[in-house]
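Comments concern the structure below.
Each ligand, and each atom within it, is numbered from 1 in the order the structure gives.
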Amino acid sequence: MSRKIIIDTDPSPDDSVTFLMALGSPNELELLALTTVGGNVSLEQTTINTLKSLELVGRVEIPVYMGADRPLKRALITAQEVHGGNGFEGYDLPEPTTKASEGFAPDKIVELVMDNEPNSITICAIAPLTNIALAMQKEPKIKQRLQEIVIMGGARSEGGNVTPAAEYNIYVDPEAADIVFTSGTPITLVPLDCTHKALSTDARLEKLRAVGTLHMEAFYHLLKFNRIYDSEKMDMDGGPLHDPTTVAYLLKPEIFKSKKVNVTISKDYEITRGMTVIDWWGKMELPLNTNVLYDLDSEAYYDLVIERLALAGG
Ligand code: BDR
Ligand code: CA
């Protein structure tokens, strides 16, 4: 039986690869809905990018719900320097002909979790955690009914990609992250320590392009643009393909290494705002609230990305 998932997202291309991979994996995953949030770009633009991506592979039947346009208590900080002005620079996709479905994303998350069997829904959270926190505030019962939340975010020894201490998704809305990490819901976290090993190298991008379909050609160019910032600024051999690690983990957990630890979110001091404070050695004897993925087999990961992204059209 396939696992029911909701993906909360703010596309940038790595987000789109994530939900398209899920669509390319119908035997393992059933994508119930996509929920959008303000993040890499504005909420309007993340929603447009989501709809464009679905249309690219002809999967417009998947409902898309718009959520929060800003963090719980702070102004939105976008990431256009990494992904370009519309979050999708590098390949011009046509404007979508479809629209978001009626309803506010946090309400829809609550509805889906309450209407399905307990422990039957997993959320992949690949953006600031605002929508998830709002849903938990609205209906605290969902904390116990969710099977798991798989989050791309945070960093342990790698350091941050926005500040020395913090990764983007957690930095943008640390109050929301705090609500999620103290919820008691089982959490798997994929931090930068893992995703900075998941690089779109030239050789991998050529392999992706060689599939030869229109959508693979589009992602070849989008991911190539994505590597400019990271190669120059962070001296990497290709842009990290962050978000698809969440879906890859659901499909093939055996390609990751993990450890159960306590993760606490720093929100009160500007210098460590959004830092995931990870008690790797169990010094504080705090609850082991998070399964942290700290390493992966990057070749197996990228092969899986190419295989399932190629199948996204169904
Ligand atoms: C995260 O930030 C976004 O730009 C990516 O999509 C990913 O979710 C990486 O820090
Ligand atoms: Ca993202």
Enumerate, one pair per line, all nitrogen or oxygen atoms of ligand 1 lying under 3.5 Å from a protein nitrogen or oxygen, stating the separation to 0.1 Å; write 'none' if no such pair exists.
from     : atom 1 : to   : atom 2 : distance (Å)
ligand 1 : 4 (O)  : N40  : OD1    : 2.7
ligand 1 : 4 (O)  : H83  : NE2    : 2.9
ligand 1 : 6 (O)  : S12  : OG     : 3.2
ligand 1 : 6 (O)  : D14  : OD1    : 2.8
ligand 1 : 6 (O)  : D14  : OD2    : 3.2
ligand 1 : 6 (O)  : D15  : OD1    : 2.9
ligand 1 : 6 (O)  : D243 : OD2    : 2.9
ligand 1 : 8 (O)  : I126 : O      : 3.2
ligand 1 : 8 (O)  : N169 : ND2    : 3.0
ligand 1 : 8 (O)  : D243 : OD1    : 2.6
ligand 1 : 8 (O)  : D243 : OD2    : 3.0
ligand 1 : 10 (O) : N161 : ND2    : 2.9
ligand 1 : 10 (O) : E167 : OE2    : 2.5

Name, closest N/O/S atom of D243 to the Ca ion (ligand 2): OD2
Modelled atom types, side-chain donor and acceptor of Y91 and E217, under 3.5 Å: no
Between T188 and N291: side-chain donor-acceptor atoms closer than 3.5 Å: yes
Backbone or side-chain N/O/S of A127 under 3.0 Å of the Ca ion (ligand 2): no
Backbone N/O of Q45 and side chain of S42: donor-acceptor pair under 3.5 Å: yes
Which atom of A165 lies closest to which atom of T272, heavy atoms considered: CB-CA, 4.1 Å
T264 versus N262, side-chain donor and acceptor atoms under 3.5 Å: yes
The Ca ion (ligand 2) to D10: nearest N/O/S atom name: OD1
Pairing of E167 and R156 as salt bridge, 4.0 angstrom limit: no
Electrostatic pair K207:D303 at N-O distance under 4.0 angstrom: yes
Test: R273 cationic atom under 6.0 Å from Y171 six-membered ring centre, within 45° of axis: yes
With the Ca ion (ligand 2) as the apex, the O/OD1 angle for I126 and D15 - to 10°: 130°
N, O or S from D14 under 3.0 Å to the Ca ion (ligand 2): no
